[in-house]
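Everything below concerns the one structure shown next.
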Amino acid sequence: MISISFPDGHVREFEDGVTPLEVAASISEGLARNVLGASINDAAWDLTRPIHQDSSIVLHTWDSSEGKATFWHSSAHLLAEALEALYPGVQFGIGPAIDQGFYYDVDLGDHSLSVDELPKIEAKMKELAQHKSVFTRQAVSKSEAIRFFTDKGDDYKLELIDELEDGTITFYQQGNFTDLCRGPHLPDTSKIKAIKLMSVAGAYWRGDEKRKQMTRIYGVTFPKQKMLTEHLALLEEARKRDHRKLGTELELFMFSEKVGAGLPIWLPKGTALRTRLEDYLKDEQLRRGYKPVITPHIGKKDLYVTSGHYEKYGEDSFQPIQTPRENEEFFLKPMNCPHHCEVFGHKPRSYRDLPVRIAEFGTVYRYEQSGELHGLTRVRSFTVDDAHIFCTPDQLKDEFLDVLDLTMHVIKKLSFENFTAQVSLRDPENKSKYIGSDENWEKAEAMIQEAAAEVGLDTVVELGEAAFYGPKLDFMVKDALGRSWQLGTIQVDYNLPERFQLEYIGSDNEAHRPIMIHRAPFGSMERFIGVLIEHTGGKFPLWLSPEQFAILPISDQFQSYAEDVKGQLFAAGLRGYIDGRTESIGRKIRDTELKKVPYMLIVGEKEAGTGTVGVRKQGEGDQGSMPVEDFAELLKGLL
RNA sequence: GCCGAUGUAGCUCAGCUGGUAGAGCAGCUGAUUUGUAAUCAGCUGGUCGGGGGUUCGAGUCCCUCCAUCGGCUCCA
């Protein structure tokens with residue numbers, strides 16, 4: 001007998017060799033039916049794999065991420081089995097579960113797979129799932145594993161095996177398909193009831209663009225058809241919130257083929273929104289002692305040689321602009337920091353003047369590869385709500401904490417509750433990618449983690465995500481389709497002050513090197529607003545909304561009363577317009593609803609006679625009528 | 001940049017195996033003066049993404065460039 005302990009603490013005795021599935025069955029029939037995977041002593045475990053020692057157990061159902069991962073990983077194997085049946089000779093890379101499903105990277109030789117073939121593969125998967133093929137786990141020696149895939153002719157698997165320890169290698173087989181795999185898997189394929197292959201994409205083998213590009217097939221599966229239907233409906237809803245679609249519909253911004261790809265053009269409504277966001281941060285920064293500056297959009301090549309940007313990105317930037325006579329070379333600025341370093345350095349600085357906080361909404365231009373461009377979230381020209389803080393080592397922590405406070409303030413103000421704080425450190429395997437001494441890097445990296453811990457911020461650490469001059473604390477937010485974007489960022493930098501030979505005179509009358517903090521709470525106005533559009537679905541908070549109200553006269557006769565109301569509301573500091581078209585009230589309401597103007601004010605005979613407005617809230621309908629001044633107060637209370 | 005797909009009026013889309021473009025909405029004009037999500041009628045509007053080719057004839061086929069979409073790689 002062995003004893004097995006459960007997450008709630010209680011312990012029960014079972015026969016030696018009991019399987020998690022049997023354990024589940026001993027609890028309830030329903031659990032046995034719904035369980036998808038298990039963890040034994042925190043290690044992933046197949047439901048049908050015997051347990052031979054005293055253990056702790058966690059049973060995973062669909063409601064847990066482990067349960068879903070097991071389900072989707074098994075689905076990837078099912079996809080592979082179908083592909084092997086339909087495309088003999090296909091070679092397999094990797095096929096993991098991901099956030100919303102799974103994929104498998106395959107090499108189909110000369111055949112280029114088109115989306116039209118997906119239904120056929122889907123059908124094959126369904127057919128194979130119904131065979132109720134059992135997933136069998138088999139430990140194999142490294143030489144056996146190599147022999148198997150050599151015979152099969154799968155170079156990718158051989159490369160993977162090459163990196164594995166002998167004695168740790170397992171195969172999983174279901175039906176006629178055998179794969180190198182760590183597991184775990186479902187007991188059999190029959191649980192996979194609903195299958196949808198989503199898309200086909202290219203993906204470099206092992207993520208290396210110098211290696212072969214494989215075909216990646218994305219799919220998602222569910223234990224019930226209804227869940228798939230709901231999932232697809234949810235995706236459809238998310239597409240409606242796509243900022244590229246809403247941005248066009250609400251006339252916030254546009255792109256023009258003539259102006260150029262990745263160069264957003266802000267339309268009046270988008271500009272109104274963006275300006276309000278900028279003004280809000282500018283005010284906040286003034287209160288916190290930032291000094292706004294304005295610097296040019298280009299800078300001499302030498303500036304970027306000094307900063308190190310030229311060496312790092314010179315080839316991958318927009319190429320220099322040359323003056324016609326002198327052949328001087330200027331680059332469009334890809335960052336504001338070199339300019340700001342010059343601002344700091346323009347006069348002698350005393351320790352008494354520090355910290356110096358130089359702020360600028362600076363527009364920068366970066367060459368992004370054509371395939372990378374994406375609405376407002378990945379563009380070639382964007383405006384950073386940038387500032388650079390130059391301080392003494394003693395001040396660093398406090399300055400960092402103040403920046404953190406400001407960033408959290410912004411995130412809260414815009415209700416981005418679901419962010420991830422990511423500590424982006426350098427890749428210890430590849431230090432040559434970065435400038436500066438190990439000592440400075442270590443100091444900076446330690447400081448960021450310390451400060452984050454101090455304010456109780458939950459962070460995830462990512463190695464290799466640092467900027468080339470320093471580590472970062474990045475705030476990541478997901479878009480409507482679940483893609484993660486970096487918004488706010490705080491970076492500690494010991495290196496640029498050195499490269500620019502920046503100094504201040506300390507109380508000891510000696511020259512010292514300041515430390516620099518780069519920070520941008522929004523990150524980029526473009527990306528921030530792109531993500532904001534998706535979060536709000538275009539229904540912006542009242543203080544940001546380009547129009548706060550629309551006055552809808554029932555007929556022409558009430559035009560002058562409408563003007564009257566508008567005058568009163570303008571006087572109260574609110575903004576809006578009159579829809580004076582000769583249209584039915586139903587029509588005006590519909591159009592205004594679609595424009596997502598927060599409040600509609602219906603004015604007709606009743607209202608004109610009593611000095612009131614009929615208030616209708618966007619998306620919520622009629623709110624009854626109230627005196628104009630009450631409405632003004634109501635709105636001001638909401639700002 | 002790479003793999004795959006798409007590109008027809010301002011927007012959403014139709015256009016079969018090649019025979020020289022069509023709808024709804026928007027816009028304009030007129031009528032309607034309207035009470036909480038589309039009043040009616042008429043009209044305008046497209047070098048079918050650009051260029052090249054095949055063909056008697058190309059929105060439909062081929063090449064190429066551009067842009068967009070889904071990914072990969074990259075992201076100071």
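So you know, we letter chains A, B, ... as the sequences are listed, proteins then strands, and number each from 1.
Residues A/Glu607 and A/Val565 are not in side-chain contact: their nearest non-hydrogen atoms beyond the backbone lie 4.5 Å or more apart. Counting heavy atoms from C-beta outward, A/Leu78 and A/Ile195 have side chains that approach closer than 4.5 Å. Taking 4.5 Å as the limit, some side-chain heavy atom of A/Thr377 sits within range of a side-chain heavy atom of A/His243.
Using P as the reference atom, B/G59 and B/G53 are 15 Å apart when rounded to the nearest Å. Annotation: B/C56 and B/C13 have their C1' atoms spaced 33 Å apart (nearest Å). Rounded to whole Å, the separation between the P atoms of B/U44 and B/C3 comes to 46 Å. Comparing the P positions of B/G49 and B/A9 gives an interatomic distance of 8 Å, to the nearest angstrom. The C1' atoms of B/C74 and B/G15 are separated by 41 Å, rounded to the nearest whole Å. To the nearest whole angstrom, the two C1' atoms, one in B/C40 and one in B/C16, are 36 Å apart. Spacing of C1' atoms, B/G7 relative to B/U60, comes out at 14 Å, to the nearest Å. On the C1' atoms, B/G52 is 13 Å away from B/A58, given to the nearest whole Å.
Counting only heavy atoms from C-beta on, A/Ala201 has its side chain closest to B/G70 among B/G70, B/U33, B/G35. Distance from the side chain of A/Arg366 is smallest to B/C75 among B/U39, B/C75, B/C72. Which of B/U68, B/U34, B/A5 sits closest to the side chain of A/Leu373 comes down to B/U68. Set against B/G1, B/U68, B/U33, the side chain of A/Tyr367 has B/G1 as its closest nucleotide. Closest contact between the side chain of A/Tyr204 and the listed nucleotides B/C2, B/G35, B/C75 involves B/C2. Side-chain proximity of A/Ile589 to the nucleotides B/U36, B/U34, B/C75 is greatest for B/U36. Distance from the side chain of A/Glu583 is smallest for B/U39 among the nucleotides B/A37, B/G35, B/U39. Looking at the side chain of A/Ala261, the nearest of the listed nucleotides B/U33, B/C75, B/A67 is B/A67.
Within the nucleic acid shown, A/Val200 comes within 4.0 Å of at least one base atom, counting heavy atoms only. Within 4.0 Å (heavy atoms only), A/Gly308 reaches no atom of the nucleic acid at all. Residue-level contact check: A/Tyr103 touches neither bases nor backbone, having no heavy atom under 4.0 Å from any strand. If you check every strand for non-hydrogen atoms under 4.0 Å, A/Tyr218 touches sugar and phosphate atoms only. Contacts of A/Arg616 with the nucleic acid, taken as non-hydrogen atoms under 4.0 Å apart, include base atoms. Across all strands, A/Arg483 comes closer than 4.0 Å only to sugar-phosphate atoms, never to a base (heavy-atom distances). A/Gln486 comes within contact range of no nucleotide atom at all, as no heavy-atom separation falls under 4.0 Å. No contact: A/Glu249 has no heavy atom under 4.0 Å from any strand. Within 4.0 Å of A/Lys606, counting heavy atoms only, lies at least one base atom of the nucleic acid. Among the protein residues, A/Ile585 comes within range of the sugar-phosphate backbone only, with heavy atoms under 4.0 Å from sugar or phosphate atoms but none that close to a base. Residue-level contact check: A/Gly621 touches neither bases nor backbone, having no heavy atom under 4.0 Å from any strand. Contacts of A/Thr215 with the nucleic acid, taken as non-hydrogen atoms under 4.0 Å apart, are absent. A/Ala203 comes within 4.0 angstrom of the backbone, heavy atoms only, and of no base. Residue A/His518 is classed as having no contact, given no heavy-atom separation below 4.0 Å to the nucleic acid.
Under the Watson-Crick and G-U wobble criteria, each requiring two contacts below 3.5 Å, nucleotide B/C69 is paired to B/G4. Using Watson-Crick or G-U wobble geometry with both donor-acceptor distances under 3.5 Å, B/G59 finds no partner in any strand shown. Across all strands shown, B/G27 forms a Watson-Crick or G-U wobble pair with B/C43, both key distances being under 3.5 Å. Nucleotide B/U36 is matched to nothing when pairs are restricted to Watson-Crick or G-U wobble geometry with both distances under 3.5 angstrom. B/A21: no Watson-Crick or G-U partner with both key distances under 3.5 Å is found in any strand.
Residue A/Asp208 contributes atom CG, which lies 16 Å from atom P of B/C3 at whole-angstrom precision. Distance A/Asp622 CG to B/A37 P: 9 Å, rounded to the nearest Å. For A/Lys588 and B/U32, the NZ to C1' distance is 13 Å, given to the nearest whole Å. Distance, A/Leu113 CG to B/C3 P: 15 Å, rounded to whole Å. Taking atom CG on A/Asp105 and atom C1' on B/C72, their separation rounds to 9 Å, with Å as the unit. Here B/A37 presents its C1' atom at 6 Å from CZ of A/Arg590, a figure rounded to the nearest Å. Summarising the geometry, the separation between CD on A/Glu209 and P on B/G1 is reported as 12 Å, rounded to the nearest angstrom. Separating the CG atom of A/Asp99 from the C1' atom of B/G71 is a distance of 15 Å, rounded to the nearest angstrom.
Side-chain atoms of A/Thr420 and A/Gln422 form no donor-acceptor pair, as typed in the model, at a separation below 3.5 Å. Side-chain contact of A/Gln623 with A/Tyr599: a donor-acceptor pair under 3.5 Å is absent, judged by distance alone. For the residue pair A/Thr536 and A/Lys596, no side-chain donor N or O sits within less than 3.5 Å of a side-chain acceptor on the partner.
Below the 3.5 angstrom threshold, one finds a donor paired with an acceptor across the side chain of A/Glu607 and the base of B/G35. With hydrogens and angles left out, the side chain of A/Arg378 and the base of B/C74 share a donor-acceptor pair within 3.5 Å. Applying the 3.5 Å distance criterion, the base of B/A37 shares a donor-acceptor pair with the side chain of A/Glu593. Applying the 3.5 Å distance criterion, the base of B/C75 shares no donor-acceptor pair with the side chain of A/Glu368.
Taking the nucleotide of RNA chain B with the nearest heavy atom to each of A/Thr248 and A/His309, the more 5' of the two is matched to A/Thr248. Residue-to-nucleotide proximity on RNA chain B shows that, of A/Phe255 and A/Glu605, the 5′-proximal contact is made by A/Glu605.
Applying the 4.0 Å criterion to OP1 and OP2 of B/G70, one finds that A/His374 has a side-chain N or O inside that range. Between A/Ser199 and the phosphate of B/G71, there is no side-chain N or O to OP1/OP2 separation shorter than 4.0 Å. Within the structure, every side-chain polar atom (N or O) of A/Arg244 is placed at least 4.0 Å from both OP1 and OP2 of B/U68.
Separation of the A/Phe475 and A/Phe416 ring centroids does not fall under the 6.0 Å cut-off.
For the side-chain contact (heavy atoms from CB on, under 4.5 Å) with A/Phe528, the lone residue among A/Thr383, A/Asp385, A/Leu487 that qualifies is A/Leu487. The one candidate from A/Tyr310, A/Tyr313, A/Phe318, A/Tyr365 that meets the ring pair (Phe, Tyr, Trp, His ring centres under 6.0 Å) condition with A/Phe331 is A/Tyr310.
For the pair A/Gln486 (side chain) and A/Met476 (backbone), a donor-acceptor distance under 3.5 Å is absent.
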